[in-house]
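One structure is given here, and the rest of the page talks about it.
Note that ligands are numbered from 1 as they come in the structure, with each ligand's atoms numbered from 1 the same way. Computed from a predicted structure; not experimentally measured.
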Amino acid sequence: MPLYDKILILTGAGMSAESGLSTFRDKDGIWSQYNYEEVATPEGYAADPERCLEFYNKRRVMHRDIEPNQAHKALARLEAEYPGEVIIVTQNIDRLHEEGGSKRVIHMHGRIDQALCQSCGQTYDISYKTLNVDSVCPACKCQGQQRPNVVWFGEIPYFLDEIQKELVSCFLFLSIGTSGSVYPAAGFVNLARKAGAHTVELNLEPSDGAVQFHEAHQGKATEIVPAYVDRLMYEAAIARKEVVQ
Ligand code: APR
């Protein structure tokens, strides 16, 4: 394993599962309990804003009492200690990467702890507070136009230009805890691979796009991510001749 100048890591719901957050498409996942068209689309919000806001209010409360797990902490250690750049692109709207110590985190699907005013476009922190149909925008003072700052189905994810730049210039692309069923994130492996990156999947089971990866490891994130990080650190030390073989 060489020393990689840049590692790009894509994470999904499986990363936070062992912190206590449900995934979306596993048995008993969020989309087995809710119709995503009602709660995670602009049309669902327009049809019944109260139902949609309530869905996110409940999820926001769930986020209050959770802690980063060993997989989040391992990625933070990688960023702090690896001799190359380490960038996380997450589909998760939680803050567990940051709470685990990671600094370079791109939230392509937004953040549960922020609201977005549909009238003036301002985003603002709401921490674990609820949003309701009467909530007022702190910037433009309008009422009734507030939604979570979360990218819904049919909307364009955030930071795609920046992500594309990092994808085509990374040397190792790691995908962790994502089913690979939602685009554009599901297409990142292909872009990185075509640009020459080594591609690795770490997931509980083979994802929908598993065949596109050069290498795959199956298991729980809290076990396989720290082990893979240890391996990267060890190989980097060998490459820099810090370890006698
Ligand atoms: N460790 C590792 N992987 C796990 C674990 C675990 N403990 N538990 C579950 N997984 C894996 C599952 O096997 C599955 O492949 O995590 C993946 C989770 O897939 P999804 O539920 O589809 O979540 P994700 O890929 O993040 O969804 C993408 O879809 O609904 C939208 O916007 C939402 O960001 C989300 C996007």
> Quick check: are there more than 12 heavy atoms from other residues, nucleotides or ligands sitting under 6.0 Å from CD of Glu50?
Replying inline: no
> Just checking, any donor-acceptor pair under 3.5 angstrom between side chains of His107 and Thr90?
Replying inline: no
> Between Asn149 and Thr123, do the side chains contain an N or O donor and an N or O acceptor separated by less than 3.5 Å?
Replying inline: no
> Below 4.0 angstrom, N of the basic side chain to O of the carboxylate: do Glu38 and Arg51 qualify?
Replying inline: yes
> Can Glu98 and Arg111 be counted as an ion pair, charged N to O under 4.0 angstrom?
Replying inline: no
> Can you tell me how far CG of Asn203 sits from CD of Gln218, rounded to the nearest 0.5 angstrom?
Replying inline: 7.5 Å
> Could you give the distance from CE (Met15) to CG (Leu96), rounded to the nearest 0.5 Å?
Replying inline: 9.0 Å
If you measure every N or O of [X] against every N or O of ligand 1, does any of those distances drop under 3.5 Å?
X      : answer
Ala17  : no
Gly12  : no
Lys220 : no
Asn203 : yes
Phe24  : yes
Ala13  : yes

Starting from [atom], what is the nearest protein heavy atom, named by residue and atom, and what distance separates them?
atom                    : result
atom 25 (O) of ligand 1 : Thr178 OG1, 2.6 Å
atom 32 (O) of ligand 1 : His109 ND1, 3.4 Å
atom 27 (O) of ligand 1 : Arg25 NH1, 3.1 Å

Best match, [options]: closest heavy atom to [atom]:
atom                    : options                       : answer
atom 16 (O) of ligand 1 : Ser19, Ser175, Gly177         : Gly177
atom 20 (P) of ligand 1 : Ser207, Ala185, Ser179, Ala71 : Ser179
atom 6 (C) of ligand 1  : Gly14, Gly29, Gly180, Ala210  : Gly14

> Going through the distances and angles, do His198 and Glu215 end up as a side chain to side chain donor-acceptor pair (under 3.5 Å)?
Replying inline: CA-CA 8 Å; His198 182 62; Glu215 189 184 332; 2.7 Å; yes
> Would Gly219 count as a contact of ligand 1 if the rule is a heavy atom under 4.0 Å away?
Replying inline: yes
>> When you measure from the heavy atoms of Tyr36 to every atom of ligand 1, does any distance fall below 4.0 Å?
In response: no
>> Against Phe55, only a single residue in Tyr45, Tyr36, Tyr34 fulfils side chain to side chain contact (heavy atoms under 4.5 Å, CB included); can you say which?
In response: Tyr34
